[in-house]
Amino acid sequence: MNTLHLTTEIKDIAKAANIIREGGLVAFPTETVYGLGADAMNAEAVAAVYEAKGRPSDNPMIVHIARASDIGQLTPMLSSDIVAIIENFWPGPLTIVVKKKPEVPDRTTGGLDTVAVRMPDSKPALDLINLSGTPIAAPSANLSGSPSPTRAKDVIADLDGRIDAVISGDDCRVGIESTVLDLTSEVPTILRPGIITAESIEAALGKEVIYDPSLKEAARHVALDPAGGVQESDFQPKSPGMKYKHYAPKADMLVVEGQRDKVKAEIERLKGLNEKLGNRVGVILFEEKAFIEAAHDFFARLRDLDHEEVDLILAGALSDTDGVGFAVMNRMLKSAGYNIVRVS
Ligand code: AMP
Ligand code: MG
């Protein structure tokens, strides 16, 4: 397939919108990561997204809308929590899981009776959805399993020739995917951490918000088992996407956790030893507490190191238990396949 390369100019977005209306696939920039979009109400178009990404079909997609009121096409009823989320966080990197209307194809929701919805804060994304005249289902625009794409070149590296069009825009401002908040359970529950944290959602809703226990489990198991080796199958996550191999670079990857100076020293030591063996080693070590920058750079760093063809990536863990650093750690541990050592 010949992939059409488009800009964010409105005449190009109009071409892309035509493709969406006809059931085709278009990659586009959002503020979080690039998305691979299809008409969310067209089951065949959505099936083609799974195909292009090589994504397991029980992993549901986030449906993107351009006006908050369009959520009415997807869910039967607005609760006060839904309204508070819309007023406080949309447009922005927060997805809510709500009860779905029968019109939303099962393909889009992986057979669940709920649907994940978000209004992105990105002009090209909003223009595309508006001109398409339909909600757009869009997972990240990468091959399933590889690091999420935060730059147009990352999308092209993975999907050129597999989809109808790519809209190349700016690098993504946030750099990690949206926070996913389940509003269908008794207590609002974060299924995927992002830059919008439990604390700020609690402030907006005026009630307790929890993290899905499997998110904390992953971190806890790792902490208890210094040898690492945690199996993702040990967890029973509610969000189907959390059980698959995710974000993996081509290189082997090891996360080093502990007190900052010791982490730095251990990374230097392991780097030296591995280089002596003839391995090319890449290091990812963010400034302490620079969690927003870490979110912005993490996936791009993984892709750049793969491009440099390193054999091993050594990454310093971020010490944060529930904020933005926790969201980055969620991705870092997955990309390393939970391969972690503690230094103390
Ligand atoms: P991605 O499309 O790659 O950004 O991933 C979307 C994430 O949202 C995945 O982890 C999905 O499993 C999750 N998700 C989407 N829809 C639902 C839903 N209805 N219930 C629970 N999780 C969902
Ligand atoms: Mg993804």
Side-chain angles (χ1 to χ4, degrees), residues 25 27-38 40 46 49-50 52-65 71 74-76 82 92-102 104-120 122 125 135-150 154-155 158-159 172 174-185 188-196 211-215 218 232 235-249 295 298-299 302-303 327 330-331 334-335:
L25 308 187
F28 62 99
T30 81
E31 82 278 31
T32 56
V33 303
Y34 272 73
L36 176 58
V46 170
V49 173
Y50 287 103
K53 279 181 59 88
R55 180 179 173 108
S57 63
D58 71 339
N59 192 357
M61 292 186 192
I62 294 173
V63 179
H64 295 71
I65 55 179
I71 195 174
L74 307 168
T75 194
I82 296 176
L94 178 60
T95 296
I96 51 175
V97 173
V98 295
K99 205 168 159 1
K100 94 168 178 75
K101 271 191 168 171
V104 183
D106 282 340
R107 268 288 184 182
T108 304
T109 62
L112 298 173
D113 60 1
T114 55
V115 59
V117 192
R118 156 173 125 84
M119 177 175 167
S122 141
I136 292 185
S140 48
N142 54 322
L143 290 174
S144 193
S146 75
S148 297
T150 58
D154 303 336
V155 177
D158 274 20
L159 297 178
C172 299
V174 174
I176 57 172
E177 305 85 344
S178 58
T179 306
V180 177
L181 177 71
D182 182 5
L183 289 178
T184 66
S185 50
T189 304
I190 292 179
L191 304 181
R192 177 173 74 187
I195 65 158
I196 296 183
Y211 283 102
D212 185 285
S214 71
L215 294 173
E232 288 201 69
F235 316 122
Q236 290 296 326
K238 258 185 109 175
S239 179
M242 294 194 304
K243 68 173 181 276
Y244 295 108
K245 183 174 150 84
H246 247 96
Y247 316 130
F298 179 64
F299 287 130
L302 288 184
R303 283 186 174 263
N330 169 268
R331 276 71 175 181
K334 286 181 187 208
S335 49

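Treat the numbers as computed from the prediction; the structure is a model and nothing was measured. For ligands, and for the atoms within them, numbers begin at 1 and follow the listed sequence.
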Using heavy atoms and a threshold below 4.0 Å, how should the contact between R192 and ligand 1 be classified: side chain, backbone, both, or neither? side chain
Using heavy atoms and a threshold below 4.0 Å, how should the contact between T109 and ligand 1 be classified: side chain, backbone, both, or neither? neither
If the test is side-chain contact (heavy atoms from CB on, under 4.5 Å), which one of V155, D158, D154 qualifies with Y34? V155
Does the side chain of R331 come within less than 4.5 Å of P193's, by heavy atoms? yes
So between S148, P60, G194, whose heavy atom ends up nearest atom 14 (N) of ligand 1? P60
Excluding water, the protein N, O or S atoms sitting under 2.8 Å from the Mg ion (ligand 2) are S140 OG
Value rounded to 0.5 Å, distance of CZ in R192 from CG in D182: 13.5 Å
Tell me whether the count of non-hydrogen atoms from other residues, nucleotides or ligands lying under 6.0 Å of NZ in K101 goes above 12. yes
Which bit of L112 gets closer than 4.0 Å to ligand 1, counting heavy atoms only: side chain, backbone, both or neither? side chain
Minimum heavy-atom distance P149-V33, with the two atoms named: O-CB, 3.4 Å
Heavy-atom proximity to atom 2 (O) of ligand 1, best of S178, S144, A137, P139: P139
Note: N59, heavy atoms under 4.0 Å from ligand 1, region reported as side chain
Are any of the side-chain heavy atoms of R303 and N142 separated by less than 4.5 Å? yes
Can you see whether E177 engages S140 through a side-chain donor-acceptor pair at a distance of less than 3.5 angstrom? no
Ligand 1 atoms nearer than 4.0 angstrom to some heavy atom of L191 are 21 (C), 22 (N)
Among residues at least two apart in sequence or on other chains, which ones pass salt bridge (Lys or Arg N to Asp or Glu O under 4.0 Å) with K100? D106
If the plane angle is over 60° it's perpendicular, under 30° parallel, otherwise tilted; pick one for F299 and Y247. tilted
Mind checking whether R55 has a heavy atom under 4.0 Å from ligand 1? yes
Could you tell me which atoms of ligand 1, counted from 1 in the order shown, lie closer than 4.0 angstrom to a heavy atom of A116? 15 (C), 16 (N), 17 (C)
Ligand 1 to T114, heavy atom cutoff 4.0 Å, flagged ligand atoms 18 (C), 19 (N), 20 (N)
Report the residues that fulfil salt bridge (Lys or Arg N to Asp or Glu O under 4.0 Å) with D113, sequence neighbours left out, ordered by chain and then residue number. none
List for me each residue that meets side-chain hydrogen bond (donor to acceptor under 3.5 Å, both in side chains) alongside R118, sequence neighbours excluded, and say none if there are none. T30, E31, T32
